Each structure stands twice: as structure tokens, then as C-alpha cells.
Amino acid sequence: MSTTTLSHDEAHHHDAPKGWRRWLFSTNHKDIGTLYLLFALTMLFLGGASAMLIRMELFMPGIQLVDPDLYNNLVTNHALIMIFGAVMPAAAGLANWMIPMMIGAPDMALPRMNNLSFWILPAAATMLILSFVVPFFPGGGTQINTGWTLYPPLSVQVGMSMDFLIFAIHLLGISSVLASINIIVTLLNMRAPGMALMKMPMFCWTWLVTAFLLILVVPVLAGGVTMLLFDRHFGTSFFDAAGGGDPVLFQHLFWFFGHPEVYILLLPSIGVLSHVIPAFSRKPLFGYNSMVGSMLAVATIGMVVWAHHQYTIGMSMGAVTYFMIGTIIISIPVGLMIFNFIATMWRGSMTFETPMLFAIAIVLMFTFGGLSGVMLAVVPADMQYHDSMFVVAHFHYVLMPGAVFGLFAGVFYWLPKWTGHMYDERLGKIFFWTNVIGFNITFFPQHFLGLAGMPRRIIDYNVMFTEFNVISSVGAIIFGLSHLLLLYIVIKTIRGGKKAESRSWEGAKGLEWELDSPPAFHTWTVAPQVK
Amino acid sequence: MIDHHIKYQQSCPTPADSSEASTGYLSKGIGGLALSISGLLAASSVHAEYGINFPEPAAGVAREIYNIHMLTMQITTVLLIIVFAFVFYSIYFHRKSRGFEADQNFHKSWFGQWSWVIVPVMVLGVDLTIAGKADAVLKKVWEVPKDEKLLDVKVTGHQWWWEYDYIDSGVKVESRYIPEEESGDLYLREVDNRLVLPTHTKIRFLHTSADVLHAFWVPELAVKKDAIPGYITETWAELDREGVFRGQCAELCGTWHSRMPIVVEAVSPERFAAWTEEQKALKLAALAEASVDKQWSMDELMERGKTLYDSKCAACHQITGLGLPPAFPALKGSPMMAGPIADHLDIVINGKPGTAMQAWGTLNDLEIAALVTYERNAWDNNTGDVVQPADVKQAR
Amino acid sequence: MVLTGADNDPVHKVLVIEPNRQLSWKTTKRVFLALALCLGGVAWYFTSLGAWLVIPFTGLELLLIGLGLYLHCCHSHQQQVIQIDAESVSICDGRLGAQQASFPRAWAKIIQTRDPKGWYPSRLFIGSHGQFVEIGKFLIEGERDTLADNLRCAIQGA
Amino acid sequence: MIRIPEYQTPALRKKNLRLVWLLIGFALFIFFTSFPFWTGLFRIVGNQAAG
């Protein structure tokens, strides 16, 4: 540290970089959080566009819009973009914005690493989009027709776009790991004095657990896709039965990552809920300790039940029994979480602003998705449900409310804090109703399709499945278009609006709402130790 | 052949006994809700009934699975109603606009102190109910019965057709989808050769795959197992009624994953025996025909070749021979067609490793000869080459 | 965190400024070991299944985690000591004990710059005659405000 | 009449309206590019009406 010369001007203006430098070289947690959120919003529309194409194609029996490989590629891309491009970066954006504010830290622990972990994402997204675009060019090979699970041997047949995808997954993994390390170090080391772990806001807790999960599972996925790359190009046969390998090994590697990934998507939204519901119920969160405990339980059990995605690979009866019991057991901590949310609302003094509406929708619809999850966990019954549209309906009922609606709730809840303006409440409510109703029309009928015998990931189907597909596609149009309203609300709020107070919501609690009046638990009391 | 009684519209199951009456009622209730939605949207009325639940099981295994499915569905529906009731009660009564004051000490009451024990214990109770039943069903379903005479059927998934080997009798059935012009309303649910199975016989299915992952799924039989190359997985079923049961491949297997229907035709054991004999005789006749030392004429070979090509090759290379490049190269105007016959035969017999082109060496000499002759002369390829079964025999 | 001398000497004052930190070096090592153990378990399990390629990735990741923890541990142990005498105000690096700057007390000024939009944290400088040293960069906003007030009092209140 | 709140300056209002038009344009784009969807829907409705 050296002395600097301060001119009169500098004493009053900030020397932070302006223009594109501000964003490219930013080490400020708020800037990076904003970048993450904008990136996620862009990707939400990209992934949404592929979902719309899928639903358009499935609207009627027959092949109308896309050819089968392109359809399968859309399925692949929709999943990857939504998971890695939209939900995870949006959750990371919330984390970047809120965690330092919530724990009373000046910034994230490793600001330069924070910058890196964001700027890897656009590069990774470019690779992901390239993997989609490359087959349209001469010599580009075949399209990725494997779905996001990338199961070999099918993924070994695919052309060069699979290599792009593998590279993209590596980049995405690096980005997530860097962000996780940053969050773990920040949360463990930079809490304000007096804030014990068990006094940490729930959102911080959920991200701490999420970051640990990411650190544990990402290397396994990285190893898996690298082995796939080796099988494709370097003559190894990790997954090739003819060469002594094992095609099922990849499934284990993938789902060891893939199942905790579900909780990685889910937990930050649970954290948001634990702030939104108490704020609008005007009453403290019911059962903070049991929330933390059940979250840790979910994460721990969730790590060791991955094979319930592969009941049909022909495991031994002992193995499937173990995975079945483990999976059903998860309903205990998850049930406790849901119970705590309901008990927080119970005997509260509720008002129903947009974040709260989303929160209630999550409690109801996530319960629904969770219960169909219990049905899927039952091995013999899963022999029927597996890979049918029932599964598609189930995981959209878990992930849309569980992850995406939670993020919507968080965005509406903290938007006044971020922008300094209140959003338009009336538009917010319109957005909520179109969104939730559209979602239910889209995905509820898919349960029936699955039970009646329609497999997932098929481009064309028999006329007997027409009715529910029509309903589902009509719902999808409503659901998809409703997000344009979200875009409008967000941009409008950034531009201006009613000035937000530092405590934007009547019942909001937490350090982030008290930034102007800092808490009293610091400084000037402890004796110094100076040589 | 066996009469085709078409029965693809299955909806609410007929209750088998009194305990299942409520089950059917429940599913009808949910179905009614869905129907009213679809009615509002003015969906087609061509189909009188909609499939909203599993079709009526046709095997003991499927019946067990069906029952556990209905049980878990009932339990979860009850739980869902409880959760909804609490939330809506709370939303209605505990809101600020009604002047309800928040109870700040709710979490400090005895209930708040002990809920973290009470709730998990209650959930555990529900879990144990489900897991206990599931475990009992699993024992019946999972393990193939031992020490019994079973009818072994080897089910091999190919891109994109099914091969059924009746191991005991040596009969082999290749089953492919039928284009829409021929199958009509049963498009994607009908095949050219069905999997014929006897009723009241324990059948063991041995699943494997020739290329990528597939999954054999017929809801009435309730046996879904992945077909994994290099693995053999097994399931079993004992069909308890005759009928035609339809399913589809359930594991994404590439381009034409949607075109892998499965049709099971359940017949009485006597008719099954007759059918087996018929198939054996057909196979012998074909073999005899192929081994006859005869020079086939171009027209004969072309005619046989076209039939074979349209059923076996057209899924990838298309009827027009234009293929779907780059995955499936065009045969029309391909240099392979005008090149040496030996190369052409080699790729048909041995396939091309690393691609979707599989080895067709299981076809007999006559069939391969016809196929290659057809490919070299159809779609303006007009090389004029005629390949005889003897040439194929030599090339093997 | 800002610590100050407990004595009520109005002339001589000592202020110690440190970042908030909750982990000692020992607990940091424990956290790292726990993570290494979990990751090692995962890597060992999948290696036993034949997927040895997981090992290099877990190894690389552990390296990164270690690096992150170490760097931040270094960062969080920095310390600025401000000594106020009758004549001068001096700023030292508390860990190295090296003096950074010294200003005549009578002329010493405290300047706090603020981002007009409140987007960036404020910055606090101390110095005189156009030469300034930034202090408390690692503090949070409220602590910095309090520090500025207290410094002003301490310097001028002689 | 739509009451304009005091924090909404005319310039801001103009900018927001422009955004609305852009989004409506995008919605129309989706509307027209999903042509097969709408023709299919009309066909089904037509069939229904015809019995």
C-alpha cells in the first residue's frame, strides 16, 4: 500500500471504470451479480425458444417442423441451456448480489476469481450454441440426438458437435466450481462478527450446501465426459462393451452428478422462499434449525441415491431396494421443509405481493411434484413410468416451481433493493397468473400422456395421444409468451419507477434491508493487541 | 395368421374386485377433470375415450404393479389434499386484509418446539407404508422364477427395429414399424411382424441390444428393461388373457426413436404352438430356396430386393435412396454402388464399425444378393450388375 | 473490524483495522481436509468402478480449493495499525510491522469518497498536503463510516 | 383515463412504450412462426364443429 495523490475531483467522484471496462474487469459483487442475472435472462429466452419449438412439433401427430435429429437436438439443448445457462447462473447471480450484503461482508472473498467464473460462462454458452449450429454447415457432422444425459453408445455415434458440447460442459463445470469455491470461502470466513453459522440467513445456508454439492459432483461429470471424449477419439473403450468397457458406467457417472444437480437447482430457491414467506407473513421463519437440518439431510441423502434414475438397467434386487428406500426417505426432510413453510404462513398476517404469490405457488406445486416423485421412487411402479411423459411432467413440476419460480420470487423480492425502484405490482400479478396457469396447462396433461403409454423424447406419436398434446401445446404458448411480460417489468423497473425505501417490504428482515443503518455488533469494544 | 382384433384405446380399468372399486373411481375423477379441460378446448371427438391411466394389465406382474401404482396415487392424493387444505385455510383466514394479527410466538409453542420430531415421524409412517408394499411387489416382479420351465424370448433392440428370438424353437421375428399409409390410425403403434406369445405360460424376456440403448415397454405386460449392448437383462411375465398389446421403445435411441413400436399378440398356447410350427416351416422353405443352386434373373432379384430394402434399409437410407446425410449417406448415385461389388457386399455383410451401419450377415445369401442387386440398379443407379447367392456365399 | 485502545488517554490512540474473519488457519486446514476426504472418497469409489479419469479432476479441484482458501486466509490476516501521537499520525502494516506513512497530526485530514449512486463501496483516505493513504479498504460500509467519524474525533479532539 | 404517476416522466414513458412495441413485435413474430400450430388448432376445432 502506498500513498496516493488525491485531487479535489477524486475526493468526490468515484474512480470506478466506466463503460464496457466496468463490466469486463469488474470485481464488484453487485456488478457480477447483475451480469449473471442478465446472462440467465438471455439464456431463459434461448432455452424457452427451443422448448416452444418442441411443443410446436408435438402439437399434432406427424412430423411438421423439424427433422427427428433436430428435434432430439432441441431436447438436448433445452435441458442444457435451461439448467446450466438459466437456472444455475440466475441462482449464482442472486448469491453474488445478496450473500455479501446478508453476512455483512464488503465483497466476495475472491473478487478476481468471481470475475473469471462469470466470464467463462459466455464462452461456454457460445460453445453450447456452436454444438447446436455446427451440423447445419457442410461437414459439420450429425446433430446431438442423445438428450442431455449423453448416454453412450449413442453419444459415440454423434459427429463433431458432441466434442463442442463436451468442451462446453467442461467450461460450465469450471465456472461452477470457481463460483462455489468463492461462495464457500466467503460464507465460512467473511461473516460479520457475532454471526455464527446457525445465525446465518437461510439463503446463505442453502448456497453453502449447494456449493459443497457442486464441488463434490462436478469433477465426476468432468471425468465422465472426458472418458466419453477418449472413447470417441483416442480408441479407449471405457463405455464400449465390445472393448471390455461398460455402457452403464457412464450412467452412474452422469447421475452421480445429475441427481445432486437437482438439489443444486432447488436449494437456492428454497433459500429465497425462507426469506419471502416470513417477510410477507410478518412473522419469523418457522423452525430455522429444522430447516438447516433437513437441508443438510437432503444434500447428504441426495448424494447417495443417484441410481433411481436407472432402475431399468437391471441392477440386483438388493441394489434397487437400497436406492428405493433411500429415495423415499428423502421425502422426510423435504416434507419437513414444506411443513415449515406452511407453518410460517400459519397464523401470520399475510399480504399477497408478487413474490408471495410465487412462494405460495411453489409450496403447492412443488408438493405436487414431490409427491409424484414418491410414486416414481417405487421401483416396480417405475418400471412403468420410466422414460414416459409422466417423468417429463414430474420433473417439470419439481423444477419449474422448485427452481424457476423461486428465482422469480427472489427477483421480484429484491428488485427494489437492486434498482432502487419498485416494480409495477399490477403487471407483476398479471405475470404471475399467466405464468402459473400456462405452466399448469402445459404440464398437467403430460401425466396422463405418460400413463397412457407415450414415451418421452419422441418426435411423432400415435393419434391416441393427440388431445392432451394439443392442450399441452396451447398451454406452452401462454406460458412462453408470459415471459415477455417479465422482461418488460424488469426493464421498466430498471429505468425508473416509484422510489424504493431501504426496507422495501413491511415485513422484510435481514442485514440487506438495513444497509443504511448498520448493525451494532462491531468495533470499539475489544482491547487492541499492538506491538 | 392370427386374427387382428384391434384394441388400442384403453382407458379406465375395470375394477377386478371390490377393493379396487375406489381406485377406478379416483382415476375417473382425475380423468374427468382432464376431460373437461379438453372439452373446453374443443379437442377431437374421434376417440370416445382418452387414455388417462395405465391400460388394463394383461399379466400378473403388471397387475401387481398396477395395484401399487394406484395405492401410491391414492396416498399422495390424500396428502396433497391435506397440504392444499392447510394452505388455503391459512390464505383465507390469516391475512392482513382481514385484520389478522401475526402470532409472533407461534414457533415457540409446544408444537413449534416439537414439530421437527412430529412431522418426520408422520412422514416416515407414510413412507414405510409405501416402501413396505413396494418391497413386497418388488420381490414378485424383479426376480425371474427359478426351477421352472420358462419360454425364453430374446429381445434384441436395433436402430430402429426389434428382433425377437424364440430360443427354444429357433424361430426369429423381425418387427418394424409400418408407414402411415398402411397403418392408418395405428401409425407408430403397429408393426409388420408381431411378437406372438402364449397365455398362461411363464415367459422370460432376455433383453439386449445390437447398437445403442433401447428399452422394451409394453404397459400391459409392465416389463420395462433397458436393452444394453453387451448386457443381457431379464424380465418375466405370465399373460392371463388374449389380446393385442401395444408399446414403444422407451429409451432414446437416435433418429427414429419414435418409430420402434412393439406389438404383442397374446394367443392360447395351442395356437402359439401352431404358429411356431408355421414359422419353422416358412424358415425352412426360405432356406431351401436360397440354397437352390439356381441363377436368379434380374427381375426376380429386384422384386425381392425392393421388399427387403423397404423394410430393412429404408428407415435410414430412405425409400428414395437419398438417405439423411450426414448420418445416413445417400445410396442413389453413391460411388459405392458403381464401385466393386466385393466392397458393397462387405459393407452389407459386416457393417461399418463406428457408424449406425450394422452388419446384415444374418440374412441368407439370397436375401443379400437381392438387396445388393436392388441397390445397384434402383433409383437410376442402373449399373446392370446382377449379384447371385453364390457370389454372396463366396464373399462371406 | 476496528479495534481501539482501551485506555482513555486523550492524546495517544492506537487503532487496529482488520477484515472480518471467522476462520483461523487451523480451522481452514480442517475445512480443507474435510473436503479432501469427501472428494477422495468420491474419486476412490469411481476409480474402483473403472473410471479412473475422475481422479485428475478431483485433484485439480482440490488444488483450486486449497489455493482459494490459502489466498483468502492471507488476505484476511492483513492489518492496518493507526497510531495517533501528540505530533503525528502514522499508519503501519500490522503484520509486517513496517511503517507506511506518517503525517503531521495538525494537518492530517480524513476524506471519505462516496459513489453518488451507492453502487460501489465508499473509500476512506487519511493524509495531508495532497498525499493520502487509503485505509480500511476491506471494511464493510458501516464500519468504515464509524471509523471515519472516530478518526476525525480522535485527531481533532486533542 | 390512465392516471400517470408523478415519478413517470414523459421521456421514461416514451421509452417504456417503445419497449412495449418491441415486445409485442416479438410476440407477433412467435405468433406467425408458429403457423403450423394455429392451422392445426383450427383444423381440430373445425373437425369438432363438424362433428
Side-chain angles (χ1 to χ4, degrees), chain A residues 68-69 141-142 145 147 151 153-154 157 241 247 282-284 286-287 290 312-314 317 325 328 331-332 335-336 339 342 345-351 363-364 367-368 371 374-375 378-381 383-384 386-387 445 448 451-453 455 457-464 466-467 470-471, chain B residues 34 37-38 41 43 50-54 65 68-69 72 76 79-80 83 86-87 90 94-96 100-104 106-107 116 119-120 123-124 127 131 134 137-138 141-142 185 187-189 212-213 215 219 222 224-226 228-230 233 248 250-252 254-255 257-258 326-327 356:
Chain A
D69 274 338
T142 54
N145 55 7
Y151 282 176
L154 189 58
Q157 285 181 2
R282 290 168 183 74
K283 170 170 174 298
F286 186 92
S290 67
T312 57
I313 59 170
M317 194 157 107
I325 305 282
I328 294 179
S331 65
I332 294 175
L336 190 55
F339 168 80
I342 297 175
M345 285 155 59
W346 194 257
R347 297 184 66 75
S349 177
M350 280 191 276
T351 50
V363 171
L364 296 177
T367 308
F368 184 84
L371 287 171
V374 174
M375 294 169 71
V378 174
V379 181
M383 305 307 286
Q384 287 277 26
H386 185 85
D387 266 338
F448 302 124
L451 294 181
R457 291 165 170 169
I458 56 172
I459 182 173
D460 195 1
Y461 52 84
N462 180 262
V463 282
M464 71 183 278
T466 311
E467 289 80 12
V470 169
I471 300 170
Chain B
I37 297 168
S38 58
L41 285 160
Y50 302 86
I52 56 157
N53 200 351
F54 289 136
I65 290 176
I68 185 106
H69 155 71
T72 50
T76 52
L79 289 177
L80 197 68
V83 168
F86 273 96
V87 171
S90 181
H94 305 146
R95 62 200 155 102
K96 202 184 173 194
F100 195 91
E101 288 283 326
D103 179 359
Q104 298 295 346
F106 182 58
H107 60 290
W116 69 276
V119 175
V123 179
L124 183 67
D127 283 358
V137 175
L138 186 65
V141 172
W142 202 259
D185 268 2
Y187 177 55
L188 299 177
R189 302 284 279 179
V212 301
L213 304 178
K224 188 186 283 154
K225 268 288 164 74
D226 286 0
I228 305 166
T233 48
Q248 281 178 263
E251 182 69 60
L252 183 53
T255 314
H257 167 51
S258 58

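Quantities reported herein were computed from a predicted structural model and do not represent experimental measurements. Note that these values count all heavy atoms, side chains included, but never hydrogens, waters or copies made by symmetry. Throughout, protein chains are lettered first and strands after them, A, B, ... in sequence-line order, and every chain is numbered starting at 1.
A heavy-atom distance below 4.5 Å is found between the side chains of Leu213(B) and Pro153(A). Within the 4.5 Å cutoff, the side chain of Leu451(A) has heavy atoms near those of the His69(B) side chain.
The greatest number of non-hydrogen atom pairs below 4.5 Å with chain A, out of Trp116(B), Phe100(B), Trp142(B), Tyr187(B), is found for Trp142(B). Among Gly287(A), Pro380(A), Gly314(A), the residue with the largest count of heavy-atom pairs under 4.5 Å with chain B is Pro380(A). Note on His386(A), Met345(A), Gln384(A), Arg457(A): by heavy-atom pairs under 4.5 Å with chain B, the leading option is Gln384(A). Chosen from Leu364(A), Thr351(A), Ile342(A), the residue pairing most often with chain B at heavy-atom distances under 4.5 Å is Leu364(A). When each of Val379(A), Ile332(A), Val374(A), Asn145(A) is checked for heavy-atom pairs under 4.5 Å with chain B, Ile332(A) comes out on top. Options His107(B), Gln248(B), Lys96(B) differ in how many heavy-atom pairs under 4.5 Å they form with chain A, and the most are formed by Lys96(B). Looking only at heavy-atom pairs under 4.5 Å with chain B, the residue among Phe286(A), Phe368(A), Trp346(A) that has the most is Trp346(A). In terms of heavy-atom pairs under 4.5 angstrom with chain A, the leader among Leu79(B), Val83(B), Asp127(B), Leu124(B) is Asp127(B). Contact count versus chain B (heavy atoms, under 4.5 Å) is highest, among Gly348(A), Pro445(A), Gly453(A), for Gly348(A). When each of Leu80(B), Thr72(B), Ile68(B) is scored by its heavy-atom pairs under 4.5 Å with chain A, the top score falls to Leu80(B). Taking Ser90(B), Ala134(B), Gly230(B) one by one and counting their heavy-atom pairs under 4.5 Å with chain A, the maximum is reached by Ser90(B).
For the atom pair OG1 of Thr233(B) and NZ of Lys224(B), the computed distance is 13.0 Å after rounding to the nearest 0.5 Å. Note that CD of Gln157(A) is 8.0 Å distant from OG1 of Thr255(B), once rounded to the nearest 0.5 Å. Here the CG atom belonging to Asp387(A) is positioned 7.0 Å from the CG atom belonging to Asp226(B), to the nearest 0.5 angstrom. The distance from the CD atom of Gln104(B) to the CZ atom of Arg347(A) is 11.5 Å, given to the nearest 0.5 Å.
Proximity to chain A (any heavy atom under 4.5 Å) is shown, for Ala131(B), by both the backbone and the side chain. Contact of Glu251(B) with chain A is made through backbone and side chain together, with heavy-atom distances under 4.5 Å. Residue contact with chain A, scored on non-hydrogen atoms closer than 4.5 Å, involves the backbone and the side chain of Leu138(B) alike.
Scanning all heavy atoms of the two residues, the minimum distance from Ile313(A) to Ile228(B) falls at O-CD1, 3.8 Å. In this structure, Ser258(B) and Ile459(A) approach most closely via the heavy-atom pair OG-CG2, 3.5 Å.
At most 12 non-hydrogen atoms from other residues, nucleotides or ligands lie less than 6.0 angstrom from CZ of Phe86(B).
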